[in-house]
2 protein chains.
Amino acid sequence: MVTIKDIAKAAGVSPSTVSRVVSKHPRISKETADKVKRIMAEMGYHPNAMAKSLVSKTTNTLAIMLPRPAEELFQDFFFGELLRGILTHSTRAGYDMLLTTATGEHDEIETVSRLVLGRRVDGVILLSARVKDPLIQYLNEQQFPSVLIGRTDDSNPHILTVNNNNVQAAYDAAQHLISQGHERIGFVSGPRNLTVSFDRMEGYRQALANAGLKLNTEWVVEGEFLQESGFRAMSFLMEMPDRPTALIVIDDVVAFGVLRGLTELGYSVPDDICIVSFNNIALSELATPPISSTDIGTYQLGYTASQKLVRLIQGEPIHQFSTIIPHRLIVRESSMHVPVKKG
Amino acid sequence: MVTIKDIAKAAGVSPSTVSRVVSKHPRISKETADKVKRIMAEMGYHPNAMAKSLVSKTTNTLAIMLPRPAEELFQDFFFGELLRGILTHSTRAGYDMLLTTATGEHDEIETVSRLVLGRRVDGVILLSARVKDPLIQYLNEQQFPSVLIGRTDDSNPHILTVNNNNVQAAYDAAQHLISQGHERIGFVSGPRNLTVSFDRMEGYRQALANAGLKLNTEWVVEGEFLQESGFRAMSFLMEMPDRPTALIVIDDVVAFGVLRGLTELGYSVPDDICIVSFNNIALSELATPPISSTDIGTYQLGYTASQKLVRLIQGEPIHQFSTIIPHRLIVRESSMHVPVKKG
DNA sequence: AAGGTTTGTTAAAACGTTTGCACAGCTCAA
DNA sequence: TTGAGCTGTGCAAACGTTTTAACAAACCTT
């Protein structure tokens, strides 16, 4: 293990000088710098990250806190794309990513405080906000640099957020169906305690209200972000006497399940029922039929989150604490059918 | 920031004693331990990870090196599932995961040596081996604790590996088709420089040879691990006068593309052509038709890799340097059709 | 030519732990 | 009673950096 002292000795300078060469201090003469650099290359010097962190009190590392039921998340392309956005930026900015997950409900705070209070990371990225999220509240109290991908209520002023306008996105999806003449529109939602479910439900509600359409609560089904959820929802939903002619589905993976459920029950999409979904994962357009989905800018969501967090850490001025990534409905076959009006 | 000295002072003991309480040193009396623990809880003490790492020369962190074209990888459910396996074990074993990716071809070694020589991590997990992988060779030379998910040639004795028997897996897939009476079987492969492509190609070759079937090299198409690859392969493959009646596809995501391509060209699966694929991602059974796929134990692959690496780091005896995770062909509709014999 | 500023470098303290060694007090066998 | 062994604790060095303060030498400015 070659240390800064070894380099200093070999170059005939002090360790401080070597340190300053590494960190490009302006007061170092070109000759000294060149000599030291040459010797570092010759001897294969690599600064010890821990020693540096200890004294500089910065780790150049960000943590991603994965939400508890990580199974769901990982099943989703959505997560991979998000991670890719985060990683692309953080690598460019010179930050490493630490991936962490709690083992249980209660040790969530414990896990994050080990990292935060143990000065293991410089900032935290949170995924998937719950309606009353203790983790968010904790980080807000600690005033530790954090960014949430999702939404939090206004009482957490220290937390940056990057999010979609999910109310509007769901409104747009519903409006698309309404404009095609649908009057009975259902909603296959995700877990009720996630803000994303809440917001999309709200947009759905508003669109229906605006169009003067009835919202039959029996047309609203809550589930997980899993295929099974969508699959199971169908057997229930399609048995209803006055069943919907169109469905809004919270996520593409769930929509795959919905599609499969409908196929097995003998229904045809979009002829019997139309479907619009969210997240626009790569496979959506390869489904049979291709699924209409809302592109929420997943990569951008991750990239922006990392970007804002790094800015916050580096003390740059924050123009806006909350950033909205635009969405766009991609219409495909699954919603291309005009329903037959009832007598 | 409350340090070990603060606790020592408050408890009326020396810092060494506090340190020993934290690390459960047997020579500490129960009374002292209890008192120190109480005070730590009261004052909210959290050990500084960097200081600890500096002196103990261990970081309790593993790195995952992502292969260069990370886009492909992230598009794949496969990666998420693998990550879940790794993370589940590493969390249990008390290790954090550092996710890193190189920005270019050349700085791969640089990126990993910063982590390795900078003593930032205790071990490295490598994904997706190339045929002559400089990264693997580097880690082998450094004799740094590493595990490869995939295969390497025998000249890297210091690298642990976890892998499937991909030759056998492809053999089994081909055999399945052959036993159904197929005589013209094609192969949609991945990038040629990945060992996984190489091995599956080999199994495919062996099975055909064993059955006395001709391998038409025009039936073999190389591409990426992307849907487009599968999609594009079809327009080419199906125009051939003596086109195959069955296809083996390197990955489910590619198979989705294949399926879509065939649908657009007006072919029906499995009636016109049968398909068998690999990796068995969750959406495979939701495709139309459900795709026959080889379950390669993705989660297990990741879990085992982490397990072996941690054992190596902790100096436990290694029984076998190379572990094979069993595979299993899941037959679904996409390969359930007996071809009509010619003449 | 004197004083002030700039430039290039060093010495030493600090960061918060762990751990080898020393040692005091105790127990117990001979 | 002696001393060997054990138990519980403290001292101080070490880990490899960064950074403040100090200072010598060189450069201006008048």
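The analysis underlying the following values was restricted to heavy atoms, covering all of them including side chains, and did not include hydrogens, waters or symmetry mates. A note on names: the letters A, B, ... follow the listed sequences, proteins ahead of strands, and every chain is numbered from 1.
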Check your understanding: Do NZ/NE/NH1/NH2 and the carboxylate oxygens of A:R38 and A:E42 come within less than 4.0 Å?
Key ->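 Salt bridge: yes.
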Review point. Among D:dT17, D:dT18, C:dT9, which nucleotide sits nearest the side chain of A:A51?
Key: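 Of the options given, the side chain of A:A51 lies nearest D:dT17.
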Review point. From the list C:dT9, D:dT17, C:dA11, which nucleotide is the closest neighbour of the side chain of A:V55?
Key: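 The listed nucleotide nearest to A:V55's side chain is D:dT17.
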Interatomic distance where [atom1] belongs to [X] and [atom2] belongs to [N] [whole Å]:
X: A:N48; N: D:dA14; atom1: CG; atom2: C1'; result: 13 Å
X: B:R27; N: C:dT19; atom1: CZ; atom2: P; result: 15 Å
X: A:K57; N: C:dA13; atom1: NZ; atom2: C1'; result: 14 Å
X: B:K35; N: D:dT9; atom1: NZ; atom2: C1'; result: 11 Å
X: B:M1; N: C:dT17; atom1: CE; atom2: P; result: 8 Å
X: B:I4; N: C:dT19; atom1: CD1; atom2: C1'; result: 12 Å
X: B:I7; N: C:dT18; atom1: CD1; atom2: P; result: 13 Å
X: A:K5; N: C:dT10; atom1: NZ; atom2: C1'; result: 14 Å

Point to revise | 5'-most by nearest nucleotide on DNA chain D - B:H25 or B:L54 | key: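 Going by which nucleotide is closer to the 5' end, it is B:H25.
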Practice item. Could you tell me whether the side chains of A:S322 and A:T161 share a donor-acceptor contact shorter than 3.5 Å? Key: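 Judged by distance alone, the side chains do pair up.
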For [X], report the nucleic acid contact type (base, sugar-phosphate, nothing); a contact means any heavy atom under 4.0 Å.
X: B:T32; value: sugar-phosphate
X: B:T3; value: sugar-phosphate
X: A:S29; value: sugar-phosphate

Check your understanding: Should we count CD of B:Q314 as having more than 12 external heavy atoms under 6.0 Å?
Key ->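 Check passes, neighbour count above 12.
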Check your understanding: What do you reckon, is NZ of B:K52 surrounded by more than 12 foreign heavy atoms closer than 6.0 Å?
Key ->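 At most 12 heavy atoms, drawn from other residues, nucleotides or ligands, come within 6.0 Å of this atom.
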Practice item. Verify, without hydrogens or angle tests, whether A:D133 (side chain) and A:T152 (backbone) share a donor-acceptor contact under 3.5 angstrom. Key: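 Judged by distance alone, no pair lies under 3.5 Å.
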Answer yes or no: does a side-chain N or O of [X] lie under 4.0 Å from OP1 or OP2 of [N]?
X: A:S14; N: C:dT10; answer: yes
X: B:S19; N: C:dT18; answer: yes
X: A:T17; N: C:dT10; answer: yes

Review point. Is a donor-acceptor pair below 3.5 Å formed from side chain A:S53 to base C:dC15, judging by atom type as modelled?
Key: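 There is none.
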Practice item. Return yes if the base of C:dG20 and the side-chain atoms of B:R20 contain a donor-acceptor N/O pair under 3.5 Å, otherwise no. Key: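 Side chain to base: pair present.
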